[in-house]
Amino acid sequence: MSKVLDEVLAANAAYQKDFGEKGKLPIPPGRHFAIVTCMDARLDPAKFAGLAEGDAHVIRNAGGRVNDETIRSLIISHKLLGTQEWFVIHHSDCGMLTFTNPVIHSLLDESLDTASLGPDGWYNETKNGGADARHIDFQPISDLAGSVVEDVRKIRENPLVPKYIPIYGYIYDVKTGALVEVPAATEVGKAR
Ligand code: ZN
């Protein structure tokens with residue numbers, strides 16, 4: 001049996017023991033806000049933003065980027081579940097800063113196995129049955145503050161997003177745990 005699977009199921013058994021009243025929580029987030037952020041394993045929004053179960057929506061993907069899927073979730077978050085303020089939080093040392101679309105397209109074209117990152121960038125250690133991914137925009141990041149502004153703007157300009165929802169733009173610093181505002185993003189995202 002997988003070691004990870006064992007560990008996860010053991011941790012869950014322990015979690016259930018102290019589950020308490022959380023089974024009575026309603027679906028809508030009690031603190032009425034949502035966070036869009038990166039899937040990076042070093043980021044724990046529950047800890048860095050002080051969330052308990054039932055408090056807020058956390059929408060995560062590679063980079064914390066905004067795309068059709070993110071918008072879909074945010075619209076449901078507000079329209080059906082009542083969130084009234086949103087955060088876009090990217091972070092320092094993000095893996096999305098390490099490649100471009102052409103790079104990941106050619107890596108995938110050559111092999112589907114995990115690639116390695118060397119001093120000259122990403123490379124494959126195997127040539128093992130690639131596939132064409134050129135139709136996919138992986139939303140890499142070249143400018144961290146710029147990507148926060150761009151993503152806040154994408155949400156702000158979506159016609160299905162009410163103008164009264166403020167959208168705050170932040171960068172999480174993986175070295176210190178600090179949330180650092182991107183003022184240009186918060187300005188773009190302010191409620192009107
Ligand atoms: Zn990241």
Side-chain angles (χ1 to χ4, degrees), residues 4 7-8 29 33-51 55-77 83 85-125 131 133-158 161 166-189:
V4 166
E7 290 167 352
V8 166
F33 72 98
I35 294 174
V36 175
T37 196
C38 185
M39 67 186 186
D40 191 296
R42 296 168 293 180
L43 273 59
D44 186 341
K47 288 182 183 154
F48 76 61
L51 309 178
D55 273 356
H57 285 145
V58 179
I59 300 158
R60 301 186 73 166
N61 62 34
R65 298 311 312 267
V66 171
N67 51 42
D68 288 352
E69 167 55 30
T70 322
I71 296 277
R72 180 188 74 89
S73 297
L74 286 172
I75 290 169
I76 290 170
S77 177
T83 63
E85 297 172 77
W86 296 344
F87 291 76
V88 172
I89 302 174
H90 296 176
H91 67 97
S92 62
D93 199 38
C94 187
M96 302 294 279
L97 289 155
T98 66
F99 66 93
T100 60
N101 270 319
V103 165
I104 193 167
H105 291 161
S106 57
L107 284 168
L108 284 163
D109 199 41
E110 190 175 60
S111 175
L112 300 183
D113 296 339
T114 301
S116 297
L117 184 56
D120 298 321
W122 287 99
Y123 63 96
N124 283 317
E125 295 185 43
R134 277 169 298 186
H135 58 290
I136 301 176
D137 175 4
F138 285 89
Q139 297 189 287
I141 297 172
S142 56
D143 162 23
L144 205 47
S147 67
V148 178
V149 175
E150 182 185 325
D151 284 358
V152 167
R153 180 173 284 122
K154 251 187 236 174
I155 299 169
R156 178 80 295 151
E157 292 181 350
N158 190 292
V161 172
I167 308 154
Y168 315 119
Y170 278 79
I171 291 172
Y172 174 84
D173 184 342
V174 296
K175 293 274 188 276
T176 65
L179 282 174
V180 181
E181 190 182 19
V182 180
T186 300
E187 175 63 25
V188 164

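Residue numbers start at 1 and run along the sequence shown. Every number for a ligand or one of its atoms is a count from 1 in the order of the listing.
Between Phe87 and Ile167 there is no side-chain heavy-atom pair separated by less than 4.5 Å.
Taking a cut-off of 2.8 Å, the protein N, O or S atoms nearer than that to the Zn ion (ligand 1) are Cys38 SG, His91 NE2, Cys94 SG.
Residues passing the side chain to side chain contact (heavy atoms under 4.5 Å, CB included) test with Gln139 are Arg65, Asn67, Asp137, Lys154, sequence neighbours excluded.
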Going through the distances and angles, do Asp40 and Arg42 end up as a salt bridge (Lys or Arg N to Asp or Glu O under 4.0 Å)? CA-CA 5 Å; Asp40 191 296; Arg42 296 168 293 180; 2.8 Å; yes
Worked verdict on Arg72 versus Glu69 for salt bridge (Lys or Arg N to Asp or Glu O under 4.0 Å): CA-CA 5 Å; Arg72 180 188 74 89; Glu69 167 55 30; 2.9 Å; yes
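Exactly one residue among Val88, Val149, Ile89, Leu144 makes a side-chain contact (heavy atoms from CB on, under 4.5 Å) with Val182. That residue is Val149.
Taking the six-membered ring for Trp and thresholds of 30 and 60 degrees, Phe99 and Phe138 have ring planes more than 60 degrees apart, a perpendicular arrangement.
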